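Taking it in order: structure first as structure tokens, then the write-up.
The figures here come from the full heavy-atom set of this structure, side chains too, leaving out hydrogens, waters and symmetry mates. The model shown is predicted, which means the values in this text are computed figures rather than measured ones. Chain naming here is simple, since letters A, B, ... match the order of the sequence lines and numbering starts at 1 in each.
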Amino acid sequence: MIRGSFIFLDKVGYKTERNIWLQGIHSWNDFLAKTKIDGMSLMRKRFYDSKILKAKKNLYNDNSCYFTNILPFSEQYRLYNYFKDQACFLDVETTGYYGDITMVGLYNGYDTKTLVRGYNLNKDLLLQELKKYKLIITYNGASFDFPVIRKYFNIYLRQPHVDLKIVCQKLGLRGGLKYIEKALQIKRSDDVEGMRGEDAVYLWWQWRTTRNRKYLDLLKLYNEEDVINLKTIADKLIPVLWKKIKGCVYD
DNA sequence: GCTAACCCTTCCATAGGCGC
DNA sequence: GCGCCTATGGAAGGGTTAGC
């Protein structure tokens, strides 16, 4: 996926990338093996060769951060296949819109980890956890989770970030996370079925005022299912989107 | 080598969507 | 309700190609 991408090159947009694919060039190695590419001067080709070699080197060194700034934000999903085993699915719960963070859920594809305010949620631990990963995946995280983390903890993440809302929108799936889950027939457990973000706020206040553990456990379950479902969505939709983008070559 | 035409990217402004 | 993103459309500018 990433090794068949050229959109990170200067002055290369969707049309130029498509033009490259149309010439039978589907990987960085294909590009480097060609001496001439239609629509591209030799000087430019040589310039792009050096950029591709640099990208190859960084990819093989697992330096995902190299791609954070050179790949357009909406195209960072192209890193998913390569870094999926080193990716973290993240979801933040708060006391309301841009309120205080109450919970941060993390999922690495095997285990979930929940950081809870008043227990184990602090800047150092969150940073320590996030540093383990090469790629962060959220739903609408670009507009919510990341700004909230920045505001609350002053943490600026360097890893590339895949916002699944953008992946969904590119596939014509518009709506919130719960709508997407329904569309993909992803089931939730009975205890949290039908719950929405506002309910998470309610559960937190119930827990704070009553100290009844069942409210906190339910909120944790809701958050865990959020992050686990992010992986299911990513696994289902990202290959479909890539196929769709590449498919345009054969239109 | 120069020039014009074409193509494509970038930039800007605006509107709308989504998280809790 | 806030913050950030995408989508869209138009204008401007740069790169490439083709013709002379």
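Here C:dC4 is the nucleotide among C:dC4, B:dG19, C:dT6 with the atom lying nearest to any side-chain atom of A:P147. Listed nucleotides: B:dG19, C:dC4, B:dG17. Nearest to the side chain of A:K165: B:dG17.
As rounded to whole Å, 10 Å separates atom P of B:dG17 from atom CD of A:Q169. Here B:dC18 presents its P atom at 12 Å from CG of A:D163, a figure rounded to the nearest Å. Following rounding to the nearest Å, A:Y139 (OH) and C:dT6 (C1') show an atom-to-atom distance of 12 Å. For A:F144 and B:dG16, the CZ to C1' distance is 19 Å, given to the nearest whole Å. In this entry the distance linking CD1 of A:I136 with P of C:dC4 reads 18 Å, nearest Å. Taking atom NE2 of A:H161 as the reference point, atom P of B:dG19 lies 13 Å away to the nearest angstrom. As a whole-Å value, the separation of A:N229 CG from B:dG19 C1' is 16 Å. As rounded to whole Å, 13 Å separates atom C1' of C:dC5 from atom CG of A:D145.
Residue contacts for A:A142: at a heavy-atom cut-off of 4.0 Å it reaches the sugar-phosphate backbone alone, with no base atom in range. Counting any heavy atom pair closer than 4.0 Å across all strands shown, A:F73 reaches sugar-phosphate atoms only and no base atom. Backbone-only engagement by A:D91 is indicated by non-hydrogen atom pairs under 4.0 Å involving sugar-phosphate atoms exclusively.
Listed pair A:T16 / B:dT9 meets the phosphate criterion, a side-chain N or O lying under 4.0 Å from OP1 or OP2. In terms of phosphate contacts, A:K36 brings a side-chain nitrogen or oxygen within less than 4.0 Å of OP1 or OP2 of C:dT17. Using a 4.0 Å cut-off, some side-chain N or O of A:R150 falls inside it from OP1 or OP2 of C:dC4.
Salt-bridge check for A:D235 with A:K231: passed, with a basic side-chain N closer than 4.0 Å to an acidic carboxylate O.
Nearest approach of A:L71 to A:Q76, heavy atoms of both residues: O-NE2, 3.3 Å.
Across the interface with DNA chain C, nearest-nucleotide mapping of A:N140 and A:K170 shows A:N140 to be the residue nearer the 5′ end. Comparing A:G13 and A:E93 by the nucleotide of DNA chain B that holds the closest heavy atom to each, the one mapping nearer the 5' end is A:G13.
For the pair A:E17 (side chain) and A:F6 (backbone), a donor-acceptor distance under 3.5 Å is present.
Note: A:T112 OG1 to A:L221 CG = 10.0 Å, rounded to the nearest 0.5 Å.
For A:W28 and A:F8, the distance between ring centers is under 6.0 angstrom.
Remark: the A:S143 side chain and the C:dC5 base include no donor-acceptor N/O pair separated by less than 3.5 Å.
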